[in-house]
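Start at 1 with the first residue, then count along the sequence.
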Amino acid sequence: MFDTLSGKLTAVFDRLRQRGTLNEVDVGEALREVRLALLEADVALPVVKTFIAGVRDRAIGAEVIRAVAPGQQVIKIVNDVLVEHLGGEGSSALDLNHPAPVPILMVGLQGSGKTTTSGKLALRLAKRERKRVLLASLDTQRPAAQLQLAQLAEAANVPSLPIVAGETPLAIAERALAAGRREGFDIVILDTAGRLSIDAELMAEVQAIRAATSPAETLLVVDAMTGQDAVNTARAFNEALGVTGIVLTRMDGDARGGAALSMRAVTGAPIKLIGVGEKLDALEEFHPERVASRILGMGDVVGLVERASETIEQEEAEKLAAKIAKGRFDLEDYAAQLRQIGRMGSLSGILGMLPGAGKLLAQVDESKLDKSVFKRQAAIISSMTRAERRNPDILKASRKKRVAAGSGTSVQEVNRLLKQYDDMAGMIKRMNKLGQKGLMRHGLSALLPGRRGPF
């Protein structure tokens, strides 16, 4: 979502890095460009003014101007101020330390993704927190809204409150809490109705539900794609209800990022969760320091490791490690690695979490990168016999033609796959020969093809 903003800020900082020393004029020019980049990203004007003032106060000082690498120091200052505006270090966890059943009230405008987010949150709490969750739809306005939540509950494998025709939202909320107490649920998620725009009727209804249920969390669901409108929505709901947290949806989209940067400053409520895809498990905690690092082109290695640990199957990884230790690596192992990476999400999303990958992604056709590479390679390997997968050396011209025809690809693509496999297998052999001490002594460059190793 922050690609445009990240690209502009990276260009500003690249110029700063080239300067041996910095003076107030240099910093002022850089901050003017940062200001324009933030405004173009749809960040609220008062937030931009506060942000720039915070950076200027820290950047214009002798300790920066005399620094060995002043450009890097300014980047650090911008990063620190950015983290503060996004909510400070660390994620803001949901407040579930209340007597069961803990009510969580989901509010927001129609079309913000509130119902889908309710289903995602139920799955997250049931799977990660081991909580018994009950979903209840209070939306009697939108046709089939209650049925939609019931279907999401089924997909998430959590119970939903039975639908009773003609019941008012307030009565549904009271019945949901009664069912939660009676049936031993830990959490009851109340999905309220939205409107196309903020009106008195909507606010009165949600205020009555909030007063009757006393929720531990009142989560405002906002579509990040709506830019400044999202900020105005957040301000109105916060003034009427006292929002305890914000969930930003469509953070994987092409929004300019201004809503996320403005939200904390405008409402005072932390962004607690973000929607990063359409699947039910595409809901993540919001970490301000990681988002700031990605905006400034420094990646999110911690997030990448966490995603890998969640998706990679330990048993399969241990088997592969044992084979690699013995110097064995065949196309079946290569295919297994493709499946593991595929579970981690889009390749552009994974690369975006690596430091400095933004410039690389700008030069790559992401549609080809994400949608076809792994699937086509997996199809090629699936079209081989077991003997061919375990011993790729037997793949001569006639076999390659058969594999290409069976996988709907070309012989050139088969050759390309085999070349990539050979490179990886060669790297593994070099790694085994070097050993841990040799690798530490000679570095990763010793593993690259064409490099003469110490052996």
Let me confirm one number: the OG1-CG distance from T233 to L220, rounded to the nearest 0.5 Å. 7.5 Å

One should read off an interatomic distance between I104 CD1 and L125 CG, to the nearest 0.5 angstrom, of 5.5 Å

What I'd like to find out is whether the side chain of D281 reaches to under 4.5 Å of the side chain of K127, using heavy atoms alone. no

Rounded to the nearest 0.5 Å, how far does CG of L395 lie from CG of L331? 7.5 Å

NZ/NE/NH1/NH2 to OD/OE distance under 4.0 Å, E388 and R402: yes

Rounded to the nearest 0.5 angstrom, the CD-CD1 distance for E217 and I187 is 10.0 Å

Say whether, by atom type as modelled, one donor and one acceptor occur between the side chain of R399 and the main chain of I394 under 3.5 angstrom. yes

Within the structure provided, determine whether L94 and L219 are in side-chain contact (heavy-atom separation under 4.5 Å). yes

Between D186 and A100, is there a donor-acceptor pair closer than 3.5 Å when you use the side chain of the first and the backbone of the second? no

With rounding to the nearest 0.5 Å, note down the distance linking CZ in R128 to CD in E285. 7.0 Å

Do P215 and L190 have side chains that approach each other closer than 4.5 Å (heavy atoms only, starting at C-beta)? no

Take L149 and S160 through the test side chain to side chain contact (heavy atoms under 4.5 Å, CB included) and record every step on the way to the result. CA-CA 8 Å; L149 190 67; S160 63; 5.7 Å; no

Has D139 got a side-chain atom pairing as donor or acceptor with A145's backbone, closer than 3.5 angstrom? no

Tell me whether T192 contacts the main-chain N or O of M106 through its side chain, where contact means a donor paired with an acceptor under 3.5 Å. yes

Given the rule in the side chain to side chain contact (heavy atoms under 4.5 Å, CB included) test, do V102 and K131 qualify, once you have shown the distances and angles that lead to the verdict? CA-CA 11 Å; V102 180; K131 301 290 187 182; over 6 Å; no

Verify the distance criterion only: is there a donor paired with an acceptor across the side chains of Q420 and Q377 at less than 3.5 Å? yes

Crowded around N157 CG? As in, over 12 foreign heavy atoms under 6.0 Å? no

Do K401 and V411 have side chains that approach each other closer than 4.5 Å (heavy atoms only, starting at C-beta)? yes

Check for a donor-acceptor pair, side chain of R376 on one end and backbone N or O of T409 on the other, with a separation under 3.5 Å. no

Main chain of T218, side chain of T244: is a donor-acceptor contact present, judged purely on distance under 3.5 Å? yes

Rounding to 0.5 Å, atoms CD1 (I381) and CD (E332) come to a distance of 9.5 Å

Donor-acceptor pair, side chain of R124 and main chain of L283, under 3.5 angstrom: yes

Do Q146 and I172 come close enough that some side-chain heavy atom pair is under 4.5 Å? yes

Using atom types as modelled and distance alone, determine if a side-chain donor or acceptor of E413 lies under 3.5 Å from a backbone N or O of S410. yes

Do L109 and L202 touch side chain to side chain, with heavy atoms closer than 4.5 Å? yes

Given side chains that start at C-beta, do those of K114 and D191 come closer than 4.5 Å, heavy atoms only? yes

Answer yes or no: is there a donor N or O on one side and an acceptor on the other, between the side chain of R250 and the main chain of G113, under 3.5 Å? no

Does E278, at its CD atom, have more than 12 non-hydrogen atoms belonging to other residues, nucleotides or ligands within less than 6.0 Å? no

Are any non-hydrogen side-chain atoms of P159 and L134 less than 4.5 angstrom apart? yes

For R35, give me all partners under salt bridge (charged side-chain N to carboxylate O under 4.0 Å, His left out), at least two apart in sequence or on another chain. none

Among residues at least two apart in sequence or on other chains, which ones pass ring-ring contact (aromatic ring centres under 6.0 Å, His included) with F237? none

